[in-house]
Amino acid sequence: MGSRQPDPALAEALLTEQTRLTALYDRLDAVRERTRAALAAAHAGGTAGGTHQARLERDVSAAEHARRLAQLSAVEHGLCFGRTDDAEGRTLYIGRTGLRGADGEIVLTDWRAPAARPFYTATPADPGPLVRRRHLHTRERTVVGLDDEVFDLDRLAEPDRRTLVGEAALMAALRRGRTGRMSQVVATIQAEQDRVIRSGLAGALVVEGGPGTGKTVAALHRAAYLLYTHREVLSRRGILVIGPTALFSRYIGQVLPSLGETDVVVATVGELHSGVRAGADDPPAAAVVKGDLRMAAVVAAAVRDRQRLPDGDLEVSFPVRTSLRGGVEVVVEEMTLRASRAVCAAARDRARRSGRPHNVARRLFVLDVLRALAADEAARLDAPADAEDLAYARKALWSRPQVREALDALWPLLTPERLIGDLLSDPQALDRAAPRLTAAQRGALLRPSGSPWTTGDIPLLDEAAELLGVDDSVSPAAERAAADVRRKEEAYARGVLEFTGLAEDEMMEAAALAERHRPAGPHVTTAERAAADRTWVYGHVIVDEAQELSAMAWRTVMRRIPARSLTVVGDLAQTGSAAGARSWGEVLDPYVAGRWRVERLQVNYRTPVEIMEVAADVLAAVAPDRRPPESVREGGDRPRAVRASVGRLPVLVEQELEAVGEGRLAVIVPAARRAEVSTVLAAGPSEPAALDRPVAVLTPASAKGLEFDAVIVVEPAQILAGSPRGGQDLYVAVTRATRRLTVVFAGDLPPMLSRLARH
C-alpha cells in the first residue's frame, strides 16, 4: 500500500547490529564445527581398544563434547538479544551462551555471567554503570528490530544518540524538553518504574496504570530482574506470563526478547489446560455464568453425578459356553451375576470418602463391586472362596467386556474434555448439576455437542482435571522399575568417575553423568517441562491485562502459584470482559488478603495530549469514577472523524501509511465486522502474524495491550453497542495510537467523540 521512506536512524542501527550478529553466528558455526570434530575423534578413539580405564576416559570426553554440541545447537534461535554500553565506552553483547573469538577475547557474554548482571538489574532510577541498554529483536539470523533504553543521554556518544530507536527515542525527546516540567516527568517515570521492577518477590504486586504508562514493559523488566536476583528459585520453578491474546504474547516477546529464555512460559488463559488451545470468546451472557465461582460447585456436582447406582441390583450376564453352528459362534450357556444395590452404594460411599480424585477413587469402587460379583460367582459354582481364589476370580471377571461396560456405566473413567463437553450439551445433566442457577443462566451455558472450546471453558476444564485426577493404578510398579534402572545407571557412573579421577575432584556427580548418558531425547528446559505439565507449580506468575480475568480464571491461575508470588498488571478502566474484575480486592482478597500492594503509574508518556483528550471524554461518559493518566506529549495532527463507508478504507489506510512512514497501523473494528474489513483491506489473518504486517485488522479485545503509530477506529457506535462494556472497548480502541487517530463512521458519531475534528 504505497512506498514509505525508511527511518535513517533505524536503518543505520540495524546495519550495525546485523554486522555484529552475522559475525557472532559465524563464530558459533566455527565453534560448533570444532566441537563436532572433537566428538567424532572421541568416538573414533573409542573403537581402538585400549585399557578399560582408557575407554572410560573416552566415554567421559565424548559425553562432554556431545553436551557442548547440544548446547551450541540449542542457542541457534535468539543467539544474541541484548547490548549494554557503559560510561567508560565499553560495549557488551548479551546472549544465550558465551562465545570467545579466535584470539580468546569474549565476543558474546552469557546472560548468566556476572558481567551481564547490569543488563537485568539496571533501572531508570538506578542504572549502575550503564548509559544505554539495547534489546535486539531477531528472526533466525536477521535483526528485524531494536529497542533502546537510555539512562544517561549526556554521556552517550553522539553517533549513538543519532541511532537511538524505539522507546529511547521518545524518552530522549522528553529529556530535551526546555521546561522544568519535562525533567520532572522523566524523573516520575523513572521512579514509578523502578518501584515496580525492584518490588519484592513475595506476595502480589498490582501494577495499575492507564494507556501509555508503560506498565507492561515495567512488569516484564521486573520478570527479568527477578530471574536474575532469585535465579536459584525461579530457574527451578520458572515464571508464567499470562497475556490476553496470542497476538499480545508475541508482542511481549518483542518487547523483552531476553524473556524468551528457558525459564519463562508465555501463555493466554485459553492455553492453560494442556492439550486444548481455546481462542474463541463466549457471548457475554455465557461468559458471566462461566466466570462465576459457583461454577466450581457445578463442576463438582457434575463429577458426582457420574458416580451412579443401578436402579435395582446390578446384574451382569456373559457367556460361559459357546458352540459353532453353521460356522457361527452361538451362546449355549450364559451366567448372570449380581451385586446388590446396597453393596454398590457402600462401594460408592467408600470411594467418595477416600478423598481421592474421581479417576483414582474409581479403582476402589471397581474392586468392591468385583468382590461382590466374584463371591456371587463362587456361590453359584459352589467353588472355593478363599482369598486367593477370589482374587483370581476378580481378575477373570474384569477381563470380560460385559463386566467392564457395566462398571463403566456406574463409575466411568473420565477426561475433563468429556465431562465438560457432556455437561454443556446435555440439558438434563446441567439441570442436575446446577439447580442453583436460573433457567436463563443454564440456557446461556448450553451449546451443541462438539462445539469448539472457548476461553471461558478453560477454567472449567482445569477444575474438572483437579477433581478427576489420573488413574495411577499402574504407576507404583512402573516407578519401582524406573528407580531400579536409575540406581544401576548411577552405580555404573560412579565407577566411571572413580576410574577417571573426577570423583576425587568433585567436578561431577554420578547422577548428573548418568543423566547425560540416558537416552531420553533432547534436553528439556524448565519452560518446556512446565508448559507440558498442567500441575506445574511456578515460582512467579505475571498476569497482564489482569482486569479481563473472571473469578474462575483467577482460581485457575492461583492453582499454579501456591506461594502467591504474583505481578498483576492492568487497568480497571479498560475492563472489556463481561466477567472481568470490578476491583482488585474482589479478585485478590480470597487468595492473598493483606498480602497484595498497588503501584500506580500515573504518567502517560506515549499517547499525545490531543488523542488523550478524546479518550478522556470517552472514559468520563462510560466510567466517570475512573481517571485517565496524565499525558505529557503534545504535538502531531489533531484526531479526526471521517464520514465514510467501509469501502473507502483502502484509501484512508494508504493515507495513514504515507503519514507514519515506517510506523505501524491498526484498523480497529467491531467484532462482528472484522471479517468484512479484513476482506476489504486484503489484510489476511489477524493473529498471531498481524504484528509482522504494516496493517493489522483487530477488534478492541485483540488490540488490548498493543500500541501503534496510527489507528483507524471503524464504526464506534457499533463498538459501543457490541457488548455490555462496549464503552470500555471504545476507550481501549482510541488509546492504541501513539501518533495519529482517525475515526471512520457511516451513521451517527457518538456524542462522546465530539472533540474530533470533522472531515
* Asked: Is the shortest side-chain N to carboxylate O distance from Glu76 to Arg141 below 4.0 Å?
  -> yes
* Asked: Are the side chains of Ile94 and Phe81 in touch, meaning some heavy atoms are under 4.5 Å apart?
  -> yes
* **Interatomic distance, Leu136 atom CG to Leu21 atom CG [nearest 0.5 angstrom]** => 7.0 Å
* Nearest heavy-atom pair of Ala666 and Leu698: which atoms, and what distance? -> CB-CD1, 4.4 Å
* **Pairwise side-chain contact, Asp709 with Arg740, heavy-atom cut-off 4.5 Å (strictly under)** => no
* **Heavy-atom closest contact (Asp571 atom, Gly210 atom, distance)** => OD2-CA, 3.4 Å
* To do: Determine yes or no for a side-chain-to-main-chain donor-acceptor pair under 3.5 angstrom, with Arg736 supplying the side chain and Val732 the backbone.
  => yes
* Full working for side-chain contact (heavy atoms from CB on, under 4.5 Å) between Ile561 and Leu566 -> CA-CA 8 Å; Ile561 185 69; Leu566 301 106; 4.1 Å; yes
* To do: Answer yes or no: is there a donor N or O on one side and an acceptor on the other, between the side chain of Arg27 and the main chain of Ala23, under 3.5 Å?
  => no
* How long is the span from the CG atom in Leu619 to the CD atom in Gln728, to the nearest 0.5 Å? -> 8.0 Å
* Within 45° cone and under 6.0 Å: Arg559 NZ/CZ vs Trp554 ring -> no
* To do: Working to the nearest 0.5 Å, report the span between CG of Leu39 and OG1 of Thr35.
  => 9.0 Å
* Walk me through it: do Arg198 and Asp126 pass the test salt bridge (Lys or Arg N to Asp or Glu O under 4.0 Å)? => CA-CA 10 Å; Arg198 293 185 186 273; Asp126 183 13; 3.4 Å; yes
* side-chain contact (heavy atoms from CB on, under 4.5 Å) between Leu226 and Ile197, intermediate numbers included -> CA-CA 8 Å; Leu226 291 176; Ile197 294 168; over 6 Å; no
* Donor-acceptor pair, side chain of His540 and main chain of Ser565, under 3.5 angstrom -> yes
* Asked: Taking C-beta and beyond as the side chain, do Ile242 and Leu272 meet within less than 4.5 Å on heavy atoms?
  -> yes
* Salt-bridge present (Lys704, Glu545; N to O < 4.0 Å) -> no
* Asked: Shortest non-hydrogen contact from Asp544 to Val569?
  -> OD1-CG1, 3.3 Å
* Main-chain N/O of Trp536 paired with Arg237 side-chain donor or acceptor, under 3.5 Å -> no
* Student check: side-chain heavy atoms of Arg83 and Thr91 closer than 4.5 Å -> yes
* Asked: Does any N or O in the side chain of Thr138 come within less than 3.5 Å of the main-chain N or O of Val143, such that one atom is a donor and the other an acceptor?
  -> no
* To do: Check whether any side-chain heavy atom of Thr738 lies under 4.5 Å from a side-chain heavy atom of Thr607, and answer yes or no.
  => no
* To do: Just do the side-chain hydrogen bond (donor to acceptor under 3.5 Å, both in side chains) check on Arg222 and Thr567 with the steps written out, would you?
  => CA-CA 9 Å; Arg222 168 170 163 76; Thr567 302; 2.7 Å; yes
* **side-chain contact (heavy atoms from CB on, under 4.5 Å) between Thr109 and Tyr93, intermediate numbers included** => CA-CA 6 Å; Thr109 300; Tyr93 282 85; over 6 Å; no
* Minimum heavy-atom distance between Pro628 and Tyr731, given as atom pair plus value -> CB-OH, 3.9 Å
* Asked: Going by distance alone, is a donor N or O of one side chain under 3.5 Å from an acceptor N or O of the other, for Glu12 and Thr16?
  -> no
* Asked: Could Glu610 and Arg739 be called an ion pair, given the rule that one side-chain N must be under 4.0 Å from one carboxylate O?
  -> no
* Asked: Any side-chain heavy-atom pair from Pro629 and Pro211 closer than 4.5 angstrom?
  -> yes
* Donor-acceptor pair, Lys215 side chain versus Gly209 backbone, under 3.5 Å? -> yes
* **Least distance between heavy atoms, Gly78 atom then Tyr25 atom** => N-OH, 4.0 Å
* Decide yes or no on side-chain contact (heavy atoms from CB on, under 4.5 Å) for His135 and Glu149, but give the supporting numbers first. => CA-CA 8 Å; His135 299 278; Glu149 296 169 86; 2.9 Å; yes
* Do the side chain of Thr142 and the main chain of Val144 share a donor and acceptor less than 3.5 angstrom apart? -> no
* Heavy-atom check, side chain of Thr735 versus side chain of Met612, under 4.5 Å -> yes
* State plainly whether the residues Glu17 and Arg20 are in salt-bridge range, i.e. N to O under 4.0 Å. => no
* **Working for salt bridge (Lys or Arg N to Asp or Glu O under 4.0 Å), residues Glu707 and Arg606** => CA-CA 9 Å; Glu707 281 134 2; Arg606 287 181 181 151; 2.9 Å; yes
* Structure fact -> Rounding to 0.5 Å, atoms CG (Asp86) and CG (Leu92) come to a distance of 7.5 Å
* **Side-chain donor-acceptor pair present, Arg597, Ser199, cut-off under 3.5 Å** => yes
* Asked: Between Asn604 and Thr213, does any side-chain donor sit less than 3.5 Å from a side-chain acceptor?
  -> no
* How far does CD of Glu599 sit from CZ of Arg195, to the nearest 0.5 angstrom? -> 4.5 Å
* Asked: Just how far is it from atom OG1 of Thr245 to atom CD of Glu548, taken to the nearest 0.5 Å?
  -> 10.5 Å
* In this structure, are over 12 heavy atoms from other groups packed under 6.0 Å from Arg564 atom CZ? -> yes
* Residues Asp589 and Trp584: side-chain donor-acceptor under 3.5 angstrom -> no
* Asked: Is the shortest heavy-atom distance from the side chain of Leu79 to the side chain of Leu28 under 4.5 Å?
  -> yes
* Please determine which of Arg134, Arg132, Arg133 meets the side-chain hydrogen bond (donor to acceptor under 3.5 Å, both in side chains) test together with Asp85. => Arg132
* Grab the two heavy atoms, one from His137 and one from Asp147, that are nearest each other, plus how far apart they are. => NE2-CB, 3.9 Å
